[in-house]
Protein chains: 2
Amino acid sequence: MGRTPTGQTREQVFQLMRERLLAGQPPTVREVQEAFGFRSVQTARAHLEALVSEGRLDKQSGRSRGYRLADSAVLVTGEDRIAPPRLVPLLGRVAAGAFGLAVEDLEGYLPVQSDRVGANEELFGLRVRGESMRDAGILPGDIVIVWRLPSVEDGAIVVALVGEEATIKRLRRRGERIELHPANPDYAVMTPDPDTLQVLGRVIEVRRYLD
Amino acid sequence: MGRTPTGQTREQVFQLMRERLLAGQPPTVREVQEAFGFRSVQTARAHLEALVSEGRLDKQSGRSRGYRLADSAVLVTGEDRIAPPRLVPLLGRVAAGAFGLAVEDLEGYLPVQSDRVGANEELFGLRVRGESMRDAGILPGDIVIVWRLPSVEDGAIVVALVGEEATIKRLRRRGERIELHPANPDYAVMTPDPDTLQVLGRVIEVRRYLD
DNA sequence: CGGTTTAACATACAAATGTATGCTATAAAT
DNA sequence: ATTTATAGCATACATTTGTATGTTAAACCG
């Protein structure tokens, strides 16, 4: 087969890889071969290995479907490397479970990107119910992205279970106790009994869909 | 190895699969085996096949790493399939260009998911600058996701260029003219000259990162 | 209790998949 | 024009990975 201008096919291979990898479906070498109609596996493999050398892809040698987007290719905000987007569950409500969260009312999944949250750490989305954080720009129907953390620093906006009820508030430590501050003068500061309080994690993002 | 209570391991296998699949890294049967310390591949495979029978996983027979989340497990907003996430450019500011937008101050890319916006239609993210939409929960530093549209319906929140300045407001049609309404009593309604007004598109999402 | 289901194990095989080597022809560079 | 680097082809091989068959023992249920 005739050869194409230098670098052109390579770019298209990378585009395909990015698309497939972001969709969570890493291709095999032979799938790449077929996608481009190469008559030889090796042609596809050469392109993939070249992309690895260029630092645009990473690979896990030997493993099937082992190519991944290199960190640098996933994205850059200014100088920073950025983690690949992941999908986190969107819950309609949360309830206390024996361990972890009871995944009830799963509404769907949200693509979330964060450099600070490790791949093994837990994230979830939660739909906002009251107006208690109105003045912080968190309105009913909004979605908060929550980073599950065993302990949360003072001043952060958190999701907490008070008894059976989930609530979003700003956390303030007062000695041994924890205060939950609303951002709305119509609501009162809560100072729940430590036994009934379970801080689930910290809000790292707020979203509103305006359909 | 002793057997665990019925259904318990199955659930944990599903959790693992969900996590890995959402992270874009479909495991092999043997990876599942190792993750749980099974001494036999078949044990892992039996669980996976069972999950397929239960409708919680789908699989592509024969393909390596061929297990996927079943649609019912991945997503359900009502009955709809959901579009794959895409990456849209985040702009620090927008400026009028000869045609389209001048992509200046590219800050990075954002993963966005929308069923309503076609794959060929243009989206961009824009960082919010003033307080003019405060009461709509759109605060300085927030990011709005904008759907580039030639015409925008009455009542939608839009990004518009008035002269050289980009602004976010609610659009109201008044006969021939277009009014741009702030959501903050401290700001005035704008009724720009049609020659100096260019509506760039509609805001479909608002995001705030609380890092 | 006794029968049935299910978790888990062991082993083998076939298909999918990654890898290696050698070759040809054309674009790109000097 | 000559050299060099790159695109692409062909084929073979080793490993990974999916699949099948048979066995054992514990959980579950009437």
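The chains referred to below are lettered A, B, ... by the order of the sequence lines, with proteins before strands, and numbering in each begins at 1.
Separating the CZ atom of A:Arg30 from the P atom of D:dT17 is a distance of 14 Å, rounded to the nearest angstrom. Rounding to whole angstrom units, CG of residue B:Leu48 and C1' of C:dA7 are separated by 14 Å. Whole-Å rounding puts the A:Arg10 CZ to D:dG8 P distance at 9 Å. For B:Glu31 and D:dT17, the CD to C1' distance is 10 Å, given to the nearest whole Å. Residue A:Glu49 contributes atom CD, which lies 8 Å from atom P of C:dA20 at whole-angstrom precision. In this structure, CZ of A:Arg39 is placed 14 Å from P of C:dA25, rounded to the nearest angstrom. Summarising the geometry, the separation between NE2 on B:His47 and C1' on D:dT19 is reported as 17 Å, rounded to the nearest angstrom. Taking atom CZ of B:Phe38 as the reference point, atom C1' of D:dA25 lies 16 Å away to the nearest angstrom.
Here the CZ atom belonging to B:Arg30 is positioned 12.0 Å from the OG atom belonging to B:Ser64, to the nearest 0.5 angstrom. We find the CZ-CD distance between B:Arg65 and B:Gln25 to be 8.5 Å, quoted to the nearest 0.5 Å.
For the residue pair A:Arg207 / A:Tyr209, a side-chain donor-acceptor distance below 3.5 Å is found, with atom types taken as modelled.
When the side-chain nitrogen and oxygen atoms of B:Arg65 are compared with OP1 and OP2 of D:dT17, one or more of them lie within a distance under 4.0 Å. Applying the 4.0 Å criterion to OP1 and OP2 of D:dG18, one finds that B:Ser61 has every side-chain N and O outside that range. OP1 or OP2 of D:dT17 has at least one side-chain nitrogen or oxygen of A:Arg63 nearer than 4.0 Å. Distances shown here put every side-chain N or O of A:Ser64 at or beyond 4.0 Å from the OP1 or OP2 atom of C:dG18. Within the structure, a side-chain polar atom (N or O) of A:Lys59 is placed less than 4.0 Å from OP1 or OP2 of C:dT19.
Between the side chain of A:Gln42 and the base of C:dA20, a donor-acceptor pair under 3.5 Å is found. One cannot find a donor-acceptor pair under 3.5 Å joining the base of C:dA7 and the side-chain atoms of B:Thr43.
Counting non-hydrogen atoms under 4.0 angstrom, B:Thr28 reaches the backbone sugars and phosphates but no base.
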